[in-house]
Engineer: 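One structure is given below, represented as structure tokens, and several questions about it will come after.
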Amino acid sequence: MVSENPFDQFRQECQTALSNALKKTLPEIKQPTITLNKTPNIEYGQLASSLCFELAKKLNQKPRTLAEHLVDAIDRSNFNLIESVVAAGAGYINFHVNFAKFSALTLESIRKLKGNYGFVKTSTPTKIIVEHTSVNPLHPIHIGQARNPMLGDALARILEARGHKVSRHYYIDDVGRQSSVVAYGYAKLGKPKPTEKADLFVGKIYTVTCCLVEINRLKKARELAIAVNSADDLVKTNKEIDEWMSIAAELKEKYPVLFEALMAKISEDENPEEEINRLNRAYEDGEPEAKGLIREVSELCLAGFRETMQRVGVSYDSWDWESDFVWSTQVSEVLSRLKASPFVFSEKGVLEFDAEKVANLLGLKGKLGLSEDNEVPPLTLVRADGTTLYTTRDIAYTLWKFRFAQKVINVIGMEQSLAQLQLKISLYALGYPEWADNLVHFAYNLVTLPGYKMSSRRGHYITFDQVLDEAVARAYEEVSKRSPMLSEEEKRKIADFVGLGAVRYALVDVDSGKPVVFTWERVLNFETNSAPYVQYTHARACSILRKAAREPQAPGFGLLTEKLERELVLSLAGFPDTFVEATEYLKPNMIADYANALADKFNTFYNALPVIKADSQELSDARIALTEAIKIVMANALNLIGVVAPEKM
RNA sequence: GGAUCCAUAGCUCAGCACGGAUAGAGCGCCAGCCUUCUAAGCUGGAAGUCAAGGGUUCAAAUCCCUUUGGAUCCGCCA
């Protein structure tokens, strides 16, 4: 017999049994929906109902008495997995599972389903686009941004395992001043070939160009302030100049050659600021030269990103250029449709979208979880100079995405909550309520460095590559220390998946709504509650199975009577539940927590009870089967968060 | 000022969506365990007014209200 969700099977039996008993003893009352809770302790059974507390008041009886009556009325002869039902405490009804049968069902199911165990398929498979990463192609992905792809990829993986058709999209934000800044610097240098990892190379050009252009601009502003005799402006500008000058000094020391070269080239231009704006407009207009230039730098940077993401096992199905939406008619079409709606108004030559009016008129506030007096600020769609803004283009992009998917999940930082809300409201305004309903902003909080303000414009950041390198290096040291006899090649291989796994795990482990403070200590943790811990435990289980060197012939599942063994079986049986919950509520961290908890229990078991040298062959066979099941489930869980489950380490 | 999210052991965090029995881990600290299946491990110990106050309920870390403290947003940036 195979069950894809053994624990749920037990739960169904208990629910039916209790429901039958209720109908029999209390036919006069309306049948309540029966929910069963996990018990705090295995001694209380595996599932409990607190129904009697609710009924007691209505029926004017003591909960305990009621519980006893119901327990008496329960007929469990038709139920395979229920061992006993008892009234407990002040009025709980506790269900005990028949462990002999339950262990057999659970372990055999896992051993049969193997890599598919736990991945309960949805009854409504959906085409889903998960948009994640979408780091601007200006500089390397830094640690503050790296949480995004780790969460996004884990989400894509769990949704796929759930049976959805998932497409991973990367939105390339190449429209906007920053892209022109980096392209300007790149062109000034004569479009040099990268002498190092491409995104790192582009990042340096961006930072130095930014700094030089900014100083140039500020100096002009200072002249103006002097000319109009504005003391306030002068003080403010001087302060900013001082700040940027110190950054310039820093950059000059770090990259002397690049700095000098750019400085010489940029000073040739009377007004670099104006050059950049011209380039920006030319790009939006789709002029071939600007197109070629900006696409070239962006592609360069993206090649670096691809390299980094490949290391951690993240890939994309579609790379969507923001500029494509500007050059095609899609953005202007959206605009004209919005203009035709009653929700757009013009103010001082600026086009504004009245999200508040939409929300009120269509009665969206309750639906969107907003209180009635929460006023949604308007969204600027078009600037006075006629150019569009980021969110405006995002509306066109979102409409495009819904041509290919029924559901769109945007993995975007929490700080963009308002923009994402306005985007959603715009879909209602355009007459796509189903799309709006199926647009999900998966908001996550930032990664911060203690005592350090990350700023990509100023080149203050720790790159994701640096973190990965450091993690692998640390892992290599650990492997060398712990397993000095391994070959160099083996050590490198292990260090690689351990280091990368540790980083992935650390970035998905925390609830996505909470900020993560980055410390090396947190990411390079190889002890309990880390990927290496789970990986090590997996390898340990594999090692036992290798040493046992046999298939269990006649496992005596009924002999698994130790509390530790039973808790393990329960954990394994509950994996499908955890998976479904993690998928439905988009909580990849639940998977990491589950894997860690399972590893924890297995290690305790490992230290307390012998597998191969158990008292009898039947018991040994049962424990081998248990170990194998644990190995399978641990690997399945690790796969979901993109962490390698090694045979050896 | 308005909005959103958050507050649980010295530190980092689970648990909260759907209220249920003594609130769980890890780090750090203290004391132990490698001639037995991988010590990246295990065992034991100390450590909590679940931010404060009120309310709802048979039952509140969990739901509601108020207060305090923190993060983020409220741009013709992205």
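Below, read A as the first sequence line, B as the second, and so on, with proteins coming before strands; counting in each chain starts at 1. Please read these numbers as outputs of a predicted model, since none were measured by experiment.
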Engineer: Reckon A:V376 touches a base, only the sugar-phosphate, or nothing at all at heavy-atom distances under 4.0 Å?
Structural biologist: nothing
Engineer: Regarding A:L524, tell me which of base, sugar-phosphate or nothing describes its non-hydrogen contacts under 4.0 Å with the strands shown.
Structural biologist: nothing
Engineer: Base, sugar-phosphate, or nothing: which does A:N136 touch, judged by heavy atoms less than 4.0 Å apart?
Structural biologist: sugar-phosphate
Engineer: Under 4.0 Å from any atom of RNA chain B, heavy atoms only: list the residues of residues 535-543 of chain A that qualify, in numerical order.
Structural biologist: A:Y536, A:A539, A:R540, A:S543
Engineer: Measure the distance from CD1 on A:I544 to C1' on B:rG41 and round it to the nearest whole Å.
Structural biologist: 12 Å
Engineer: Backbone N or O of A:V643 within a donor-acceptor pair of the A:R504 side chain at under 3.5 Å?
Structural biologist: no
Engineer: Between B:rA7 and B:rA61, how many Å separate the two C1' atoms, rounded to a whole number?
Structural biologist: 12 Å
Engineer: Is the backbone of A:L51 close enough, under 3.5 Å, to the side chain of A:S49 for a donor and an acceptor to pair up by distance?
Structural biologist: yes
Engineer: Looking at A:D385 and A:R281, is there a salt bridge between them, counting it only when a charged N and a carboxylate O are closer than 4.0 Å?
Structural biologist: no
Engineer: Between protein and nucleotides 20-36 of chain B, map the contacts as a letter string: B base, S sugar-phosphate only, - none, heavy atoms under 4.0 Å, written 5' to 3'.
Structural biologist: BBB---SS--------S
Engineer: Taking donor-acceptor contacts at under 3.5 Å, does the side chain of A:Y585 reach the base of B:rC18?
Structural biologist: yes
Engineer: Is the shortest side-chain N to carboxylate O distance from A:K424 to A:D437 below 4.0 Å?
Structural biologist: no
Engineer: Does a side-chain N-to-carboxylate-O contact under 4.0 Å join A:R482 and A:E477?
Structural biologist: no
Engineer: Defining pairs by Watson-Crick or G-U wobble geometry with both distances under 3.5 Å, how would you list the stems of RNA chain B with at least three pairs each?
Structural biologist: B:1-7 with B:68-74, B:10-13 with B:24-27, B:29-33 with B:41-45, B:51-55 with B:63-67
Engineer: Hey, what do you get for CG (A:L302) to OG1 (A:T133), rounding to the nearest 0.5 Å?
Structural biologist: 11.0 Å
Engineer: Taking 4.0 angstrom as the limit, do A:E274 and A:R217 come out as a salt bridge?
Structural biologist: no
Engineer: In whole angstroms, how far is the P atom of B:rU4 from the CG atom of A:L368?
Structural biologist: 12 Å
Engineer: Could you give the distance separating B:rG45 and B:rC50 at their C1' atoms, to the nearest angstrom?
Structural biologist: 23 Å
Engineer: Please check this pair: side chain of A:N525 against backbone of A:S530, looking for a donor-acceptor N/O pair closer than 3.5 Å.
Structural biologist: no
Engineer: Send over the distance from A:L66 CG to B:rC58 P, rounded to a whole Å.
Structural biologist: 16 Å
Engineer: If the threshold is 4.0 Å, N to carboxylate O, is there a salt bridge linking A:D496 and A:K493?
Structural biologist: no
Engineer: Report yes or no: is the cationic atom of A:R474 (NZ for Lys, CZ for Arg) closer than 6.0 Å to the six-membered ring centre of A:F526, at no more than 45° off its axis?
Structural biologist: yes
Engineer: Just to confirm, is there a sub-4.0 Å distance from OP1 or OP2 of B:rU38 to any side-chain nitrogen or oxygen of A:Y533?
Structural biologist: no
Engineer: Sticking with atom C1', work out how far B:rA60 lies from B:rA71, rounded to a whole angstrom.
Structural biologist: 27 Å
Engineer: Nearest nucleotide by nearest heavy atom, which residue falls closer to the 5' end of RNA chain B, A:S417 or A:E478?
Structural biologist: A:S417
Engineer: Under 4.0 Å, heavy atoms only, any strand: does A:K348 hit a base, just the sugar-phosphate, or nothing?
Structural biologist: base
Engineer: Look at A:E567 together with A:K601 and state whether they make a salt bridge at an N to O cut-off of under 4.0 Å.
Structural biologist: no
Engineer: Measure from the side-chain heavy atoms of A:R522 and tell me the nearest of B:rU12, B:rC6, B:rA40.
Structural biologist: B:rU12
Engineer: Out of B:rA3, B:rA40, B:rC77, which nucleotide sits closest to the side chain of A:M649?
Structural biologist: B:rA40
Engineer: Looking at B:rA59, I'd like to know if its phosphate oxygens (OP1 or OP2) sit under 4.0 Å from a side-chain N or O belonging to A:K57.
Structural biologist: no
Engineer: Taking only the side-chain nitrogens and oxygens of A:K514, find out if one of them lies under 4.0 Å from OP1 or OP2 of B:rA7.
Structural biologist: yes
Engineer: Within the structure shown, what part of the strands sits under 4.0 Å from A:R623 by heavy-atom distance: base, sugar-phosphate, or nothing?
Structural biologist: nothing
Engineer: Within this structure, what is the CE-to-P distance between A:M590 and B:rA17, rounded to whole angstrom?
Structural biologist: 13 Å
Engineer: Who are the ring-ring contact (aromatic ring centres under 6.0 Å, His included) partners of A:F353, not counting sequence neighbours?
Structural biologist: none
Engineer: Write down the distance separating the C1' atoms in B:rG15 and B:rG26, rounded off to the nearest Å.
Structural biologist: 15 Å
Engineer: Would the distance check show the side chain of A:E131 and the main-chain N or O of A:I409 forming a donor-acceptor pair, the cut-off being under 3.5 Å?
Structural biologist: no
Engineer: Just verifying a value: how many Å separate A:L36 CG and A:Q12 CD, rounded to the nearest 0.5 Å?
Structural biologist: 10.0 Å
Engineer: Strictly distance-based, threshold 3.5 Å: is any side-chain N or O of A:S620 a donor or acceptor partner for the main-chain N or O of A:V611?
Structural biologist: yes
Engineer: Without decimals, in angstroms, what is the distance between A:E581 CD and B:rC16 C1'?
Structural biologist: 12 Å
Engineer: Assign A:E647 to base, sugar-phosphate, or nothing according to its heavy-atom contacts below 4.0 angstrom with the strands shown.
Structural biologist: base
Engineer: Enumerate the residues from residues 496-512 of chain A whose closest heavy atom to RNA chain B is under 4.0 Å, giving them by residue number; use none for an empty result.
Structural biologist: A:V498, A:V510, A:D511
Engineer: Rounded off to whole Å, could you give me the NE2-to-P distance for the A:H441 and B:rU4 pair?
Structural biologist: 15 Å
Engineer: Both A:V516 and A:T604 contact RNA chain B. Which one's nearest nucleotide lies toward the 5' end?
Structural biologist: A:V516
Engineer: Rounding to an integer number of angstrom, what distance separates B:rC64 and B:rC16 when you compare their P atoms?
Structural biologist: 15 Å
Engineer: Checking the side chain of A:Q15 only, and the main-chain atoms of A:I34 only, is there a donor and an acceptor separated by less than 3.5 Å?
Structural biologist: yes
Engineer: Expressed as a whole number of angstroms, how long is the span from A:F526:CZ to B:rG41:P?
Structural biologist: 12 Å
Engineer: Between B:rG48 and B:rG54, how far is it from one P atom to the other, in whole Å?
Structural biologist: 22 Å
Engineer: Is the base of B:rC30 syn or anti, if syn means a glycosidic angle within 90° of 0?
Structural biologist: anti
Engineer: Kindly say whether A:E490 contributes a backbone atom to a donor-acceptor pair with the side chain of A:S487 at under 3.5 angstrom?
Structural biologist: yes
Engineer: What integer number of Å spans the P atoms of B:rC65 and B:rC27?
Structural biologist: 39 Å
Engineer: Would you please test A:E68 and A:K62 for side-chain contact (heavy atoms from CB on, under 4.5 Å) and show each step?
Structural biologist: CA-CA 10 Å; A:E68 278 162 8; A:K62 277 192 171 158; over 6 Å; no
Engineer: I need a per-nucleotide contact map over nucleotides 69-75 of chain B, read 5' to 3'. Cutoff is protein heavy atoms under 4.0 Å; write B for the base, S for backbone only, - otherwise.
Structural biologist: ---SSS-
Engineer: Using the C1' atoms only, state how far B:rU43 lies from B:rG55, rounded to an integer number of Å.
Structural biologist: 45 Å
Engineer: Counting any heavy atom closer than 4.0 Å, what does A:A384 reach on the DNA or RNA strands: base, sugar-phosphate only, or nothing?
Structural biologist: base
Engineer: Can a side-chain donor-acceptor contact be found between A:D320 and A:Y397 if the only test is distance below 3.5 angstrom?
Structural biologist: yes
Engineer: Can you tell me the distance, in whole Å, between the CZ atom of A:F518 and the P atom of B:rC13?
Structural biologist: 14 Å
Engineer: Rounded to the nearest 0.5 Å, what separation is found between the CD1 atom of A:I93 and the CG atom of A:L47?
Structural biologist: 12.5 Å
